[in-house]
Amino acid sequence: MIELSNVSKTYGSGESAVHALKDVNLRVPKGTIHGVIGLSGAGKSTLIRCVNLLERPTQGSVTVDGQEMTRLSGSALNQARHRIGMIFQHFNLLTTRNVYDNVALPLELMGEKRSVIKERVLPLLEMVGLADKAQQYPAQLSGGQKQRVAIARALASKPNVLLCDEATSALDPQTTGSILELLRDINQQLGITILLITHEMEVVKSICYRVSLISNGALVEDAEVGDFFTAP
Ligand code: ADP
Ligand code: ADP
């Protein structure tokens, strides 16, 4: 479960202050897929980055699986982040590492043994359909394949929560469809809670249970996807 309570985020101060989030309240129940949709500059990226504290809220609290993230720092925060995977619009793979080693990276950073890493990485590559690409480098892959690698990497540390920051925005519609299908499988088969942000209605319509609309840093709607799109 993800809970944001009265979260505000201000960048800068004085006359140049930008109020990117204004008193945001959001509750994402365990095991669901929740979408946050809004225009460019609305605060989506800031919101999702506040969940794993890539951005620290100026005010308010963020709780993930009962742990108040906003109280943590240093190694305790790093530990808590292992329970939260994240994927990005531009994949953020390491170009100097092959597919296997990109997925292995979080486990290496956690100090896992090679044998443990191998036991974890191979099934993940299998799951995302890239078992035969283990030795390839990101430059040799299509956009959709890169995002699959990023998804496998995000799941390496066995997170309960997956954050998706415009994860399909750089992909063509067909590839977007296959990545969304994979995310749905991950949600259903592994029970992972997914919070995604997007500016694309179609993404929300196709996989989210609930959706929030963010405008000018404020959440202005929170509804079941069906209700949201049929509302007058
Ligand atoms: P979105 O993801 O919906 O496009 P963002 O969260 O990226 O929105 O941005 C929300 C607002 O905060 C925008 O006005 C943006 O310019 C501003 N902003 C985002 N990041 C920073 C930053 N690091 N420093 C200053 N302003 C920022
Ligand atoms: P070793 O134990 O033989 O030193 P590692 O497990 O450290 O091997 O892996 C060395 C490299 O070989 C890894 O960085 C990875 O790129 C690749 N690799 C290891 N196991 C596999 C595998 N089963 N499938 C594909 N690539 C693998």
Side-chain angles (χ1 to χ4, degrees), residues 2-28 32-64 69-70 72-74 77-78 80-81 84-93 143 146-147 150-151 153-154 159 161-173 175-176 179-180 183 193-223 225 228-229 231:
I2 304 169
E3 190 156 22
L4 280 69
S5 300
N6 306 107
V7 168
S8 296
K9 173 69 182 181
T10 302
Y11 294 108
S13 59
E15 295 215 337
S16 62
V18 176
H19 301 286
L21 295 179
K22 302 168 189 165
D23 201 25
V24 166
N25 290 288
L26 177 65
R27 222 170 154 270
V28 180
T32 61
I33 305 180
H34 192 103
V36 175
I37 191 163
L39 299 175
S40 175
K44 301 182 297 294
S45 185
T46 301
L47 184 153
I48 206 164
R49 291 163 65 87
C50 278
V51 174
N52 58 3
L53 260 69
L54 287 182
E55 295 290 353
R56 193 168 274 277
T58 312
Q59 278 175 31
S61 69
V62 175
T63 303
V64 179
M69 300 295 292
T70 30
L72 304 177
S73 61
L77 178 57
N78 276 336
R81 281 186 177 136
I84 305 173
M86 189 167 189
I87 58 172
F88 305 88
Q89 178 172 7
H90 297 296
F91 324 120
N92 298 10
L93 299 177
K146 285 184 215 176
Q147 195 60 292
I151 289 168
R153 179 182 60 184
V161 168
L162 180 63
L163 306 176
C164 307
D165 184 348
E166 297 279 4
T168 56
S169 299
L171 305 175
D172 63 59
T175 310
T176 291
I179 293 296
L180 294 178
L183 292 176
T193 307
I194 298 180
L195 176 62
L196 65 84
I197 62 167
T198 182
H199 64 277
E200 297 172 303
M201 291 284 183
E202 288 309 316
V203 168
V204 166
K205 274 190 188 173
S206 82
I207 66 163
C208 295
Y209 303 15
R210 287 187 78 83
V211 58
S212 302
L213 177 64
I214 186 168
S215 174
N216 264 319
L219 283 193
V220 293
E221 290 270 359
D222 182 351
V225 167
F228 189 81
F229 287 105

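In listed order, ligands and their atoms are each counted from 1.
- In this structure, the side-chain contact (heavy atoms from CB on, under 4.5 Å) partners of Asn25, at least two apart in sequence or on a different chain, are Ser5, Asn6, Asp23.
- In this structure, the side chain of Lys146 does not engage the main chain of Phe91 through any donor-acceptor pair within 3.5 Å.
- Heavy atoms from other residues, nucleotides or ligands lying under 6.0 Å from CZ of Arg56 number more than 12.
- When non-hydrogen atoms are compared, ligand 1 lies under 4.0 Å from the backbone of Thr46 as well as from its side chain.
- Using a 4.0 Å cut-off to heavy atoms of Lys44, the atoms of ligand 1 that qualify are 1 (P), 2 (O), 3 (O), 4 (O), 6 (O), 8 (O).
- Nearest protein neighbour of atom 19 (C) of ligand 1, counting heavy atoms only, is Tyr11 CE1, 3.4 Å.
- Within the 4.5 Å cutoff, the side chain of Leu47 has heavy atoms near those of the Leu219 side chain.
- Residue Leu39 has at least one heavy-atom neighbour below 4.0 Å for each of these atoms of ligand 1: 3 (O).
- Under the 4.0 angstrom criterion, atom 8 (O) of ligand 1 counts as having a protein heavy-atom contact.
- Applying the 6.0 Å contact sphere to CG of Asn216 captures no more than 12 heavy atoms from other residues, nucleotides or ligands.
- When atom types are taken as modelled, the side chain of Thr198 and the backbone of Glu200 share a donor-acceptor pair closer than 3.5 angstrom.
- Of the protein's non-hydrogen atoms, Val18 CG1, 4.7 Å is the one closest to atom 15 (C) of ligand 1.
- Atoms of ligand 1 lying under 4.0 Å from at least one heavy atom of Gly43, given by number and element, are 1 (P), 3 (O), 5 (P), 6 (O), 8 (O), 10 (C).
- Using a distance-only test at 3.5 Å, with no hydrogens or angles considered, a donor-acceptor pair links the side chain of Lys44 to the main chain of Leu39.
- The residue among Ser45, Gly41, Ser40, Gly12 with a heavy atom at the shortest distance from atom 13 (C) of ligand 1 is Gly41.
- Under the 4.0 Å distance rule, the nearest protein heavy atom to atom 25 (C) of ligand 1 falls inside the cut-off.
- Looking at ligand 1, you won't find any N or O of Glu55 less than 3.5 Å from one of its N or O atoms.
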